[in-house]
Structure formats: structure tokens, C-alpha cells
Enquirer: 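This is the structure I have questions about; it appears just below.
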Amino acid sequence: MTLNVPTYADVQAAAQRLKGHAHLTPVLRSRFADEMLGGEVFFKAENLQRMGAFKFRGAFNALSRFDAAQRERGVVAFSSGNHAQAVALSARILGMPAVIVMPSDAPPLKIAATRGYGAQVVLYDRYTEDREAIGKRLASERGLTLIPPYDHPDVIAGQGTAAKELVEQVGPLDYFFGCLGGGGLMGGSCLAVKALSPDCRIYGVEPEAGNDVQQSFRIGKPVRIEVPKTIADGAQTQLVGTLTFPILQRDASDILTATDQQLIEAMHFFAERMKLIVEPTGALGFAAARHAAATGSLPLKGKRIGILISGGNVDMSTFCRLISSLDGTPS
Ligand SMILES: *Cc1c(COP(=O)(O)O)cnc(C)c1O
């Protein structure tokens, strides 16, 4: 099966399918953020999306395109994070079976949440077993359709609906900053932002320890890295997608990075100033924009800046530990 690189028309079609199912998330403003970045900052709050992250958009779009036979047999996905819950919730809404392959040492809360959406969870040992092989075996044995977390045209198109909404909500932008793992979110964002705000400069932001896409972007071909050590657990990908990379190469101005410390500072800012719970990965865009403003590496002064907050799924003890590590430091 060959999969085609999606276009903006696919994002528009995805938006139609998501109507009435995904939340139209708010765009939030903050005077402090405007002062910090020196422009007008528009935060698209996907931490307030269903199941707490934009991933619902791509999963629901992909599952709603299944034909009758696929729906009957169901879907399989492998993920320890937001994609698992997004597929499980979408399958429940669409009334189809879901099997999620998760590492046996995934946080018990996440396993419980995935089961709570009615999915069957298959656990594997992440040190001795290959989750992709398990997923593929389940797919062929039971006739399930495998939906990957980012490298799939319907997933990319669905993820692009968040940026589409943002530009429709606030008008054209000069800059867009979003979070980057395998590139589903940024690939879809590129399609939407370039269509609706063609002059906007687009930046994907990775954890500094896991800058595989930045390396790939600079040398012009995909670079694989070891599993990065970072608190940004939603962006611990090792290799950019074969569908997402060409979109980024064509449409992104550059790929930036943020350190774990910068992510914690951004999470602290969101909590203290905007009363928002943001997971470490969800803070990547703002962390990099803030750093760019502080160092003057991008001319953000007086500009209209869109920042996508991608998710808010962090357990409270981790959140409190990260935030309190900054105690005494003003945000
Ligand atoms: C999955 C995820 C990302 C990265 O998305 P990709 O499509 O893999 O680039 C960023 N933030 C959150 C909260 C996520 O769950």
C-alpha cells in the first residue's frame, strides 16, 4: 500500500469529519506573554482538547475513514502515550474494537485510562520485545487496521485541523511555533498555515536531547537517533516520518529545540500566569519562542505569533515535582 502525502484539502475534509466530535479549543491571550515575546501572542490550547491533547484529531479522522469491514474488525495501535488514548476514545465513539499495545512499565494511570475507554490493552516488555512486530502480528491475525501515531496521511490531516482553527480564529500570523515529535502535528500544521497565512514563518520545536528532525532538516535526509532522555515524553521519537519529513522540508522555516529546563520554566509560566496545566512536550513551542525573543535570534517584535500548546497529560506528582524544582525562580 502506498500512502500519498496529504494536502490542505485533506485537512479541510478532516475538519468536516471532526465537527461535533472534537472541541473547538480556545485561543488564549496573556499580557505577560506579549511582553515577554514583544509581539501579540495567540495560544491554541489543545491541552483542553478531548483526552487532553490534539492527538484525538488525527486518530478520529483516521478511524472515521475505515470501511464497514475495517470497522467490524477494529483498530490496533502501539503507543504508551496520548496516541493510545486518542485511538481508544475514537474507537469507542465510532463503536469499533480497539487493541492498544503498551509497554508493561507504562504508567499504571495511562494503562487504566486506555482500558477505561474500552480498549483491550496488550502489554509487552520494551527491553526484549518489538512493539511494531507485535502490532503487525495482531493486525494480520485478527484483521485489525494498524494506525501509526504520525506517519499516516489521515493522521497528519487530522492534526492539521488545530492550526487551521487557530488561523480562522485570529486571522493571519507572522510566526507559528508548534511541538515536534514524529511530525504529524507539524506536518498538518504546515498544510493549514501555508494555505491560510502563506507568509507565516513556521517553526517546529523538538527537545534538545532528541533533535533528530533538526539534524535531518539540516542535512536533507532522515537521521535516526537513540531514544532521547528528556521530560518531553511525547516527543521521544527516533526518526521522522517518511510522509511528514517532505512537508517539513518544503514548508518549515527551521527546526528549533528546547532544553528540559526551558520546558519546566514554560510549564511554570502557563500554570502561574495562565492557570493552565501543560505537559512538558506541550510547552516546546512556547519555550523556543521565548528563548528566541530573549536572545534576539528571531525578529518577533511587533509580530503576530501563534503558539500551539499540544497537550496537558502529566500526572500531578510529576507536575508538582517539576514545578517545585524551580521554586524561588520567577517565571
Ligand atoms: C504526540 C505529541 C506530540 C508530537 O506530535 P508528532 O505528531 O509526533 O510530532 C507533541 N505533543 C504532545 C502532547 C503529543 O502527545
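Each ligand, and each atom within it, is numbered from 1 in the order the structure gives.
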Enquirer: Got an N/O contact under 3.5 Å between Gly181 and ligand 1?
Expert: yes
Enquirer: Distance under 4.0 Å to a non-hydrogen atom of Gly234: what atoms of ligand 1 satisfy this?
Expert: 1 (C), 2 (C), 3 (C), 4 (C)
Enquirer: Non-hydrogen atoms of Glu279 versus ligand 1: any pair closer than 4.0 Å?
Expert: yes
Enquirer: Can a side-chain donor-acceptor contact be found between Gln261 and Glu265 if the only test is distance below 3.5 angstrom?
Expert: yes
Enquirer: Counting only heavy atoms not in Glu226, do more than 12 fall under 6.0 Å of its CD?
Expert: no
Enquirer: Under a 4.0 Å N-O cut-off, is there an ion pair linking Arg57 with Glu165?
Expert: yes
Enquirer: Nearest protein heavy atom to atom 1 (C) of ligand 1, by residue and atom, and its distance?
Expert: Lys55 NZ, 1.3 Å
Enquirer: I'd like to check which ligand 1 atoms, numbered from 1 as shown, lie under 4.0 Å from a non-hydrogen atom of Thr281.
Expert: 10 (C), 11 (N), 12 (C)
Enquirer: For Gly184, is at least one N or O under 3.5 Å away from an N or O on ligand 1?
Expert: yes
Enquirer: With a cut-off of 4.0 Å, which atoms of ligand 1 are near a heavy atom of Asn82?
Expert: 13 (C), 14 (C), 15 (O)
Enquirer: Between Arg304 and Asp174, does any side-chain N to carboxylate O distance fall below 4.0 Å?
Expert: no
Enquirer: Can you tell me if Gly183 contacts ligand 1 (heavy atom of the residue under 4.0 Å from the ligand)?
Expert: yes
Enquirer: Examine Thr237 against ligand 1 and note whether any of their N/O atoms are separated by less than 3.5 Å.
Expert: no
Enquirer: Please report which non-hydrogen protein atom sits nearest to atom 12 (C) of ligand 1, along with the residue it belongs to and the distance in Å to one decimal place.
Expert: Ser310 OG, 3.3 Å
Enquirer: Are Asp233 and Lys110 close enough for a salt bridge, meaning some N to O gap below 4.0 Å?
Expert: yes
Enquirer: When you check the side-chain N and O atoms of Asn47 and Ser310, is any donor under 3.5 Å from an acceptor?
Expert: no
Enquirer: Linking Ile, Leu, Val, Met, Phe, Trp and Tyr through side-chain heavy atoms less than 4.5 Å apart, which residues share a cluster with Ile93?
Expert: Leu18, Met51, Phe56, Phe60, Leu63, Phe66, Val75, Val87, Leu89, Leu94, Met96, Ile100, Met102, Ile111, Tyr117, Val121, Leu123, Ile147, Val155
Enquirer: Where the closest heavy atom to atom 8 (O) of ligand 1 is concerned, which of Ala232, Gly311, Gly312, Gly182 has it?
Expert: Gly182
Enquirer: Among all protein heavy atoms, pick the one closest to atom 5 (O) of ligand 1 and tell me residue, atom and distance.
Expert: Phe54 CZ, 3.5 Å
Enquirer: At the 4.0 Å heavy-atom cut-off, does Leu180 count as touching ligand 1?
Expert: yes
Enquirer: Please check if any side-chain donor atom of Asn313 sits under 3.5 Å from a side-chain acceptor atom of Gln85, or the reverse.
Expert: no
Enquirer: Between Asp254 and Arg218, is there a side-chain N and carboxylate O pair less than 4.0 Å apart?
Expert: yes
